[in-house]
Q: 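Quick one: the structure is below, questions incoming.
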Amino acid sequence: MSTESVAKRLVALCREGKYEEAQKELYSTDAESIEPEGAPGGALGNVKGLDAIFEKGRKFQESIVEVHGGNVSDAVVAGNWFSLEMTLDVTMKEYGRVNMTEICVYHVNKDGKIDREQFFYDMG
C-alpha cells in the first residue's frame with residue numbers, strides 16, 4: 001500500500017470511530033506510539049508494539065464518559081510521512097468536558113504499514 005492509500009484508509013476508519021480496526025489493518029506489529037514530553041500518565045505515554053498500542057487505546061476509551069463530537073481532517077502526505085488534525089469533544093472521568101485538538105504524524109514503512117505515530121498537542 002502506498003503512503004497515500006494508508007493515509008486515506010486511516011482517515012476513513014477513524015472517521016467511523018474504528019480506531020482498533022485501523023491499527024489491526026494498517027500498523028506494523030512493532031509500531032511505536034509517541035506522546036508529547038510531559039504528557040499526563042494513565043492512558044497516555046510512549047509505547048512500542050501493537051499490543052501496547054491496543055492497550056493504550058483501551059485505557060483512553062475507558063477514561064471517556066461521553067463523546068460529544070470530533071473530526072479527522074484529510075491527510076497531508078509527504079514521502080513516507082503523513083499528518084492529520086484530530087479533534088475530540090468528550091467528557092472525561094477525571095477532567096470533565098474537554099475539547100482536544102492535536103496534530104498526528106505517521107510514518108509508513110517499506111511494507112506499507114504504519115510503524116510510528118506521534119501526537120502533538122498543548123497540555124493545560
Side-chain angles (χ1 to χ4, degrees):
M1 249 182 159
S2 70
T3 300
E4 187 170 348
S5 297
V6 170
K8 285 181 178 179
R9 181 72 176 143
L10 182 66
V11 167
L13 290 168
C14 288
R15 285 178 176 165
E16 294 176 23
K18 298 178 178 177
Y19 300 103
E20 193 165 312
E21 182 179 326
Q23 293 161 341
K24 286 178 183 173
E25 180 182 329
L26 301 171
Y27 283 47
S28 68
T29 57
D30 63 346
E32 59 184 324
S33 179
I34 301 166
E35 298 289 335
E37 191 171 320
L44 305 177
N46 299 342
V47 299
K48 187 168 175 89
L50 201 47
D51 289 339
I53 290 173
F54 291 151
E55 182 61 23
K56 179 179 170 181
R58 284 186 205 111
K59 285 181 180 176
F60 180 71
Q61 290 298 323
E62 289 170 4
S63 72
I64 295 173
V65 176
E66 185 178 355
V67 176
H68 307 286
N71 185 56
V72 179
S73 72
D74 290 334
V76 175
V77 178
N80 295 324
W81 295 88
F82 68 94
S83 64
L84 310 170
E85 177 197 25
M86 288 193 187
T87 62
L88 196 56
D89 177 7
V90 294
T91 300
M92 301 188 77
K93 291 177 184 174
E94 191 172 333
Y95 303 107
R97 190 163 180 175
V98 294
N99 285 295
M100 302 172 165
T101 300
E102 63 186 337
I103 296 293
C104 312
V105 179
Y106 302 88
H107 181 261
V108 177
N109 66 19
K110 62 180 173 29
D111 298 322
K113 296 287 186 179
I114 294 170
D115 63 2
R116 178 185 174 105
E117 64 178 14
Q118 186 166 359
F119 304 107
F120 298 88
Y121 51 85
D122 291 325
M123 293 165 286

Q: If you define the side chain from C-beta out and look only at heavy atoms, does anything of His68 sit under 4.5 Å from Arg97?
A: yes
Q: Inspect the surroundings of NZ in Lys8 and state if more than 12 heavy atoms from other residues, nucleotides or ligands are less than 6.0 Å away.
A: no
Q: Would Leu88 and Asn99 count as a side chain to side chain contact (heavy atoms under 4.5 Å, CB included) if you check the C-alpha gap in whole Å, the side-chain angles of each, and the deciding distance to 0.1 Å?
A: CA-CA 6 Å; Leu88 196 56; Asn99 285 295; over 6 Å; no
Q: Establish whether Met1 and Tyr27 are linked, either directly or via other cluster members, by ILVMFWY side-chain heavy-atom contacts under 4.5 Å.
A: yes
Q: Once you round to the nearest 0.5 Å, how far does OG1 of Thr3 lie from CG of Asn80?
A: 4.5 Å
Q: So, do Met92 and Val65 sit near enough that their side-chain heavy atoms are less than 4.5 Å apart?
A: no
Q: Can you tell whether the side chains of Asp74 and Arg15 come within less than 4.0 Å, N to carboxylate O?
A: yes
Q: Give me the ring orientation class for Phe82 and Tyr106: parallel if the planes are under 30° apart, tilted from 30 to 60°, perpendicular past 60°.
A: parallel
Q: At what distance, to the nearest 0.5 angstrom, does CG of Leu50 lie from OG1 of Thr29?
A: 7.0 Å
Q: Is a salt bridge present between Glu25 and Lys18, judged by a nitrogen-to-oxygen distance below 4.0 Å?
A: no
Q: Mind running side-chain hydrogen bond (donor to acceptor under 3.5 Å, both in side chains) on Tyr19 and Gln61 for me, showing each step along the way?
A: CA-CA 10 Å; Tyr19 300 103; Gln61 290 298 323; over 6 Å; no
Q: What are the two closest non-hydrogen atoms of Val47 and Ala52, and how far apart are they?
A: CB-CB, 3.7 Å
Q: Does Glu66 CD have over 12 foreign heavy atoms under 6.0 Å away?
A: yes
Q: As a quick check of understanding, evaluate side chain to side chain contact (heavy atoms under 4.5 Å, CB included) for Asp115 and Glu32, giving each step before the final call.
A: CA-CA 6 Å; Asp115 63 2; Glu32 59 184 324; over 6 Å; no
Q: SG of Cys14 to CE of Met86: how many Å apart, nearest 0.5 Å?
A: 4.0 Å
Q: Is the shortest heavy-atom distance from the side chain of Val108 to the side chain of Lys113 under 4.5 Å?
A: no
Q: Are Met100 and Ile64 connected, step by step, through hydrophobic side chains (Ile, Leu, Val, Met, Phe, Trp, Tyr) whose heavy atoms are closer than 4.5 Å?
A: yes
Q: Taking the side chain as every heavy atom from C-beta outward, state whether Val76 and Leu84 have any pair of such atoms under 4.5 Å apart.
A: no
Q: Can you name the nearest heavy-atom pair linking Leu13 to Ala22, along with the distance?
A: CD1-CA, 3.5 Å
Q: Supply the atom-to-atom distance Ser83 OG to Glu117 CD, rounded to the nearest 0.5 angstrom.
A: 13.5 Å
Q: With hydrophobic residues grouped by side-chain heavy-atom distances under 4.5 Å, do Phe54 and Ile114 end up in a single group?
A: yes
Q: Rounded to the nearest 0.5 Å, how far does CG of Asn109 lie from CG of Asp30?
A: 7.5 Å
Q: Working to the nearest 0.5 Å, report the span between CD1 of Ile103 and OH of Tyr121.
A: 13.5 Å
Q: Kindly work out whether a path of hydrophobic side-chain contacts (I/L/V/M/F/W/Y, heavy atoms less than 4.5 Å apart) joins Val72 to Val105.
A: no
Q: Is Asn46 reaching over with its side chain to a backbone N or O of Glu35, donor-acceptor style, under 3.5 angstrom?
A: yes
Q: Should Ile34 and Ile53 be counted in the same cluster of Ile, Leu, Val, Met, Phe, Trp and Tyr side chains packed under 4.5 Å apart?
A: no
Q: Is a salt bridge present between Lys59 and Glu62, judged by a nitrogen-to-oxygen distance below 4.0 Å?
A: no
Q: In the structure I gave you, are the side-chain heavy atoms of Lys56 and Ser33 within less than 4.5 Å of one another anywhere?
A: yes
